[in-house]
Amino acid sequence: MIALADCNNFYASCERVFDPSLNGKPVVVLSNNDGCVIARSNEAKALGIPMGAPVFQYKKLIEAERVQVFSTNFALYGDMSRRVMNILSESARDIEIYSIDEAFLDLGKGSDAELLQTVRILRKKVLQYTGIPVSIGVAPSKILAKIATHVAKKDPSCGFCYLLTDPIKRDTVLADYPVREIWGIGRRTAEKLRNMGIAKAAAFVKLSDAFILREFTITGLRMKQELLGKPAISFESSGKPKKAICTARSFGEMITSYEFLEQAVASHAVSCADKLRRQRSCAAAMTIFIHTNMFRKDLPQYCKNIVVKFPPTQNTLTLVRIAKNALREIYRENYAYKKAGVILMDFIQEDNRQGELFNAYPEDAREMELVRAVDLLNERYGRGTLRLADQGLLDKHALKQSRRSRSYTTRWSELLDISAGKSEK
DNA sequence: TCTGGGGTCCTAGGACCC
DNA sequence: TCTGGGGTCCTAGGACCC
């Protein structure tokens, strides 16, 4: 059986762990530059603040209802995630970490009573050790496990743990489950299904295989099988290297200067290169893109990307050079840029790298020693301790983060203060 | 004034091969 | 008059996820 463990309102819960006074209050966490709402506590959801809501549109509501607002604090969320995942992986045969707040677990075989017991203990352990509440659904396939978790979260009677192993129970749940909520069905597919008069999961699984294959491709057919309890989406153990690595940011303010744009692109290339080396890969292609602010209909718009191919490398200096050259090709004057990004693709593992017959990369070998030395120093003294001049000294493209909580678990200087007998503020 | 970031998978169509 | 059949690889773009 497969379990899906999903942290409840993860970012909001992380903030609450270190500030219990937030319990019972509406809490929201914002995207970079404090632009959109990307996480909400139940109380904030109840106020009708939608996912992705632009903050400025909800300012009045936020003030009137005293919603507690936080900038993103990925150092904190990433670290809390790691703790939660460690506990989960200790208690399962195998784990697939699906996102920062979700993991599939392979529970093996067991009676319903045993499985329920297992996940209840697990939930309790995660809560006790980290303070993060999770919901856990158990089912024979991933999509059903998703649905089980959904029930676990919504139905207060089940204590955040729900088993969807029995076919009769499954049919009951599917009869009432909207297709739009099925994992893998997005806006477009839901609309198409609605036009066909199909609203619930139960109606979807009654469609013939041939029809589903024609209208919704192999993806749709797999969904049907999964919904019927036949696994069609394989369990992928975590730790597989990524096939693409991307770093992209919106700017706090629009940028017109080529110099700053170049610094931002260089910084993104550096960050991609770091991630690339961490998974021991070399990249052979890069996309870089820039675009203006698409919400500003009053301003001229420009949006361009370019793909560059090159011999596989993991050398930061090489990747930055490539990124800078690519930027020069797509840059146009007289636009106010809002976002820039770098994507690395076409990976090979670093030890499978093919040598070149006429160029043994003597330059590259020397530079890689430098790059590795920089990695070591940054690891010991903190990210960004040593940086390239290309990245610029002024952090003009730095993020707006006016309400970030402390990095309680990852910075000595920001640990929680606790003093006996007094309430700490 | 103010609108996120980082991924995966699938398909269609073109280019090319014998 | 009539001009094959079978395949691979690559890319762009769409759809979806959290």
Side-chain angles (χ1 to χ4, degrees), chain A residues 4-11 28-40 49-60 62 69 71-74 77-78 81 96-104 142-143 146 149-150 179-193 213-223 232-234 236 238 240-254 268 271-272 275-276 279 284-285 287 289 291-299 305-307 309 336 338-347 399-402:
Chain A
L4 175 68
D6 189 343
C7 301
N8 300 349
N9 313 322
F10 182 54
Y11 298 167
V28 297
V29 177
L30 307 184
S31 62
N32 277 328
N33 298 312
D34 294 346
C36 292
V37 172
I38 56 166
R40 306 154 295 156
I49 301 173
M51 184 67 176
V55 179
F56 70 92
Q57 285 175 6
Y58 287 84
K59 212 162 180 173
K60 274 191 183 159
I62 286 171
V69 180
S71 302
T72 50
N73 185 347
F74 275 104
Y77 311 150
S81 172
E96 173 184 345
I97 298 171
Y98 177 68
S99 72
I100 194 164
D101 70 334
E102 276 179 58
F104 290 103
K142 281 183 168 181
I143 288 188
K146 274 276 196 183
T149 306
H150 187 98
V179 285
R180 178 63 183 92
E181 303 291 323
I182 298 171
W183 186 47
I185 292 187
R187 197 166 44 88
R188 301 304 280 265
T189 311
E191 196 179 315
K192 191 166 167 182
L193 283 165
L213 195 56
R214 193 172 68 236
E215 295 293 328
F216 304 101
T217 77
I218 186 71
T219 318
L221 192 56
R222 282 185 198 140
M223 267 177 215
I233 303 173
S234 59
E236 309 272 358
S238 293
K240 281 211 314 188
K242 305 232 184 299
K243 296 174 181 175
I245 286 173
C246 170
T247 303
R249 292 282 182 285
S250 297
F251 304 119
E253 51 202 73
M254 288 188 279
H268 295 341
S271 142
C272 282
K275 298 178 197 171
L276 186 71
Q279 70 164 32
T287 299
F289 65 87
H291 64 73
T292 50
N293 188 344
M294 291 170 303
F295 293 100
R296 290 293 297 271
K297 306 286 185 215
D298 54 322
L299 294 176
N305 73 289
I306 183 171
V307 181
K309 309 242 170 192
K338 180 63 179 171
K339 185 171 180 178
V342 173
I343 306 169
L344 296 180
M345 299 156 302
D346 295 3
F347 297 163
L399 301 171
K400 274 191 220 158
Q401 289 198 327
S402 57

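A, B, ... follow the sequence lines: proteins, then strands. Residue 1 opens every chain.
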Checklist entry - Taking 4.0 angstrom as the limit, do A/Glu102 and A/Lys146 come out as a salt bridge? => result yes

Checklist entry - Does atom NZ of A/Lys59 have more than 12 heavy-atom neighbours from other groups under 6.0 Å away? => result no

Next on the checklist: Let me spell it out: for each of A/Ile245 and A/Phe56, pick the nucleotide of DNA chain B with the closest heavy atom. Which residue's pick is nearer the 5' end?
Outcome noted: A/Phe56

Checklist entry - Does OP1 or OP2 of C/dC16 have a side-chain N or O of A/Lys146 closer than 4.0 Å? => result no

Item to check | Counter-base of B/dG14, judged by Watson-Crick or G-U geometry with both distances under 3.5 Å | outcome: C/dC9

Checklist entry - When all nucleic acid strands are considered with a 4.0 Å heavy-atom cut-off, which category describes A/Ile233: base, sugar-phosphate, or nothing? => result nothing

Checklist entry - Does A/Arg296 make a side-chain N or O approach to OP1 or OP2 of B/dT1 shorter than 4.0 Å? => result no

Checklist entry - Does C/dA15 have OP1 or OP2 sitting under 4.0 Å from an N or O in the side chain of A/Lys192? => result no

Checklist entry - Is there side-chain contact between A/Tyr77 and A/Val29, with at least one heavy-atom pair below 4.5 Å? => result yes

Next on the checklist: Please classify the nucleic acid contact of A/Leu30 as base, sugar-phosphate, or nothing, using heavy-atom distances under 4.0 Å.
Outcome noted: nothing

Item to check | 5' precedence on DNA chain B between A/Pro241 and A/Gln57 (nearest-nucleotide basis) | outcome: A/Gln57

Checklist entry - Quick check: are there more than 12 heavy atoms from other residues, nucleotides or ligands sitting under 6.0 Å from NZ of A/Lys275? => result yes

Item to check | A/Arg222 side chain, from C-beta outward: closest of B/dT8, B/dG4, B/dC10 | outcome: B/dC10

Checklist entry - Is the distance from OP1 or OP2 of B/dG5 to the nearest side-chain N or O of A/Ser250 less than 4.0 Å? => result yes

Item to check | Phosphate OP1/OP2 of B/dC9 contacted by A/Lys243 side-chain N/O (<4.0 Å) | outcome: yes

Item to check | Short side-chain N/O contact to B/dG5 OP1/OP2 from A/Thr247, under 4.0 Å | outcome: no

Checklist entry - So what does A/Lys338 hit on the nucleic acid, given a heavy-atom distance under 4.0 Å: a base, only sugar-phosphate, or nothing? => result sugar-phosphate

